[in-house]
Amino acid sequence: MLQSPEGKTFQKIYQIVRRVPAGRVVTYGQIASALGTRQLARTVGWAMRACPDDVPWHRVINSQGAISTPRITGTANLQKALLEAEGVEFRVDGTIDLHLYGCSALVLEDL
DNA sequence: CGAATGACCAAGC
DNA sequence: GGCTTGGCCATTC
C-alpha cells in the first residue's frame, strides 16, 4: 500500500513542488532548503515516492540536474517527455541545465 | 519503542 | 577528481 502521506512535511513538499512553474525544475536540495533544512532531502524523496497526481514530480530532479526516477520504475522516460513538453532542454547526458531551468528558491518559499 | 530503509546532499579522504 | 562516510527527517517492519 502507498504509505500515508498525511505528514505535515509531505504536504509541505507537495505544496512547494506545485509552486514550481512549468518549464522549470528544482533539486531536492532546494525543496529541502525551502522546508527549512537541507537534510530533509531524504524525506523529500519519500514524499515524491507517493507521487500524487496533484504534484508535478517530473519537475523534481537531483542536484546533478539529472533524473533520479529511473531507479524506481522506469519513470525517467515519462519525466523527460513531460519536461520536454514544457520546453525544457536535455543535454546529451540526459541532464538538465539547472543554470537555465533551475527555479528560484524564493518562489518555493513564497507560501 | 528500536532498527532499517529511502527518488539526497555535502564534506572528507 | 572519484569514492566513502555522516547526517538529518519521515515512514515501515
Side-chain angles (χ1 to χ4, degrees):
Chain A
M1 57 193 83
L2 299 175
Q3 297 77 20
S4 307
E6 300 178 5
K8 323 151 204 160
T9 317
F10 266 57
Q11 301 214 354
K12 206 129 190 188
I13 293 167
Y14 298 146
Q15 286 290 343
I16 294 170
V17 179
R18 279 184 210 157
R19 284 199 169 89
V20 180
R24 222 124 230 174
V25 294
V26 284
T27 66
Y28 287 89
Q30 275 192 315
I31 298 171
S33 188
L35 291 170
T37 54
R38 190 189 79 264
Q39 273 47 2
L40 260 168
R42 283 180 119 169
T43 315
V44 174
W46 259 102
M48 290 292 115
R49 205 190 162 234
C51 88
D53 300 343
D54 301 50
V55 180
W57 57 271
H58 54 266
R59 289 181 200 153
V60 183
I61 57 175
N62 58 16
S63 273
Q64 299 180 0
I67 298 174
S68 324
T69 40
R71 317 178 80 157
I72 308 301
T73 61
T75 331
N77 206 18
L78 176 61
Q79 180 166 16
K80 183 171 175 288
L82 290 167
L83 290 173
E84 284 186 324
E86 295 184 345
V88 178
E89 286 185 40
F90 279 76
R91 279 184 89 182
V92 190
D93 307 53
T95 52
I96 303 173
D97 235 316
L98 297 172
H99 239 321
L100 300 173
Y101 301 104
C103 181
S104 305
L106 302 174
V107 179
L108 307 177
E109 291 192 64
D110 181 37
L111 296 173

Peer 1: Starting at CD of A/Gln39 and ending at P of C/dC8, how long is that distance when rounded to a whole Å?
Peer 2: 7 Å
Peer 1: Over how many whole Å does the gap from A/Arg49 atom CZ to B/dT5 atom P extend?
Peer 2: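 Computing the A/Arg49:CZ to B/dT5:P distance gives 14 Å.
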Peer 1: Please tell me which of the listed nucleotides, C/dC9, B/dC9, B/dA7, lies nearest to the side chain of A/Ala41?
Peer 2: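 Output: B/dC9.
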Peer 1: What is the nucleic acid contact for A/Ile72, judged by heavy atoms within less than 4.0 Å: base, sugar-phosphate only, or nothing?
Peer 2: base
Peer 1: Can you check the A/Leu98 CG to B/dC9 C1' distance for me, whole Å?
Peer 2: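 That distance rounds to 14 Å.
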Peer 1: I want to check one thing: is the phosphate of B/dC9, taken as OP1 and OP2, less than 4.0 Å away from some side-chain N or O of A/Ser63?
Peer 2: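 Affirmative; the distance criterion is met.
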Peer 1: Nearest nucleotide by nearest heavy atom, which residue falls closer to the 5' end of DNA chain B, A/Arg38 or A/Val44?
Peer 2: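 In this pair, the answer is A/Val44.
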Peer 1: Quick one: which of B/dC9, C/dC9, B/dA7 gets closest to the side chain of A/Thr43?
Peer 2: C/dC9
Peer 1: Take atom CD of A/Glu84 as the centre, draw a 6.0 Å sphere, and report whether it contains more than 12 heavy atoms from other residues, nucleotides or ligands.
Peer 2: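 Counting neighbours around CD of A/Glu84, more than 12 heavy atoms of other residues, nucleotides or ligands fall under 6.0 Å, so yes.
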Peer 1: Please report the distance, rounded to the nearest Å, between CD in A/Gln30 and P in B/dA7.
Peer 2: 21 Å
Peer 1: Whole angstroms only, please: what is the CD1-C1' distance between A/Ile16 and B/dC8?
Peer 2: 15 Å
Peer 1: Flag yes if A/Tyr101 and A/Leu108 sit in one hydrophobic cluster, no otherwise; membership is Ile, Leu, Val, Met, Phe, Trp, Tyr, and two members link when side-chain heavy atoms are under 4.5 Å apart.
Peer 2: no
Peer 1: Just call it for A/Arg42: base, sugar-phosphate, or nothing, with non-hydrogen atoms closer than 4.0 Å on any strand.
Peer 2: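 Base contact - A/Arg42 has a heavy atom under 4.0 Å of at least one base atom.
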Peer 1: Can you check whether A/Cys103's main-chain N or O pairs, donor with acceptor, with A/Gln30's side chain at less than 3.5 Å?
Peer 2: yes
Peer 1: Using whole Å, what does the distance between atom C1' of nucleotide B/dC9 and atom CG of A/Leu35 come to?
Peer 2: 14 Å
Peer 1: Nearest to the A/Thr9 side chain among B/dC9, C/dC9, C/dT11, which nucleotide is it?
Peer 2: C/dC9
Peer 1: Using atom types as modelled and distance alone, determine if a side-chain donor or acceptor of A/Gln79 lies under 3.5 Å from a backbone N or O of A/Val60.
Peer 2: yes
Peer 1: Rounded to whole angstroms, how far apart are CE on A/Met48 and P on B/dC8?
Peer 2: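 Spelled out: CE on A/Met48 to P on B/dC8 is 12 Å.
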Peer 1: Given B/dC9, C/dC9, B/dA7, which nucleotide is nearest the side-chain atoms of A/Leu40?
Peer 2: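 My answer, after comparing the listed nucleotides, is C/dC9.
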Peer 1: A/Trp46 has a side chain; which of B/dC9, B/dA7, B/dT5 sits nearest to it?
Peer 2: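 Nearest to the side-chain atoms of A/Trp46, counting from C-beta on, is B/dT5.
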Peer 1: For A/Phe10 and C/dT12, what is the distance between atoms CZ and C1' respectively, to the nearest whole Å?
Peer 2: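 These atoms are roughly 11 Å apart.
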Peer 1: Is atom CG of A/Asp97 surrounded by more than 12 heavy atoms (other residues, nucleotides or ligands) closer than 6.0 Å?
Peer 2: yes
Peer 1: Contact class for A/Thr69 (heavy atom, under 4.0 Å): base, sugar-phosphate, or nothing?
Peer 2: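 The residue A/Thr69 makes base contact.
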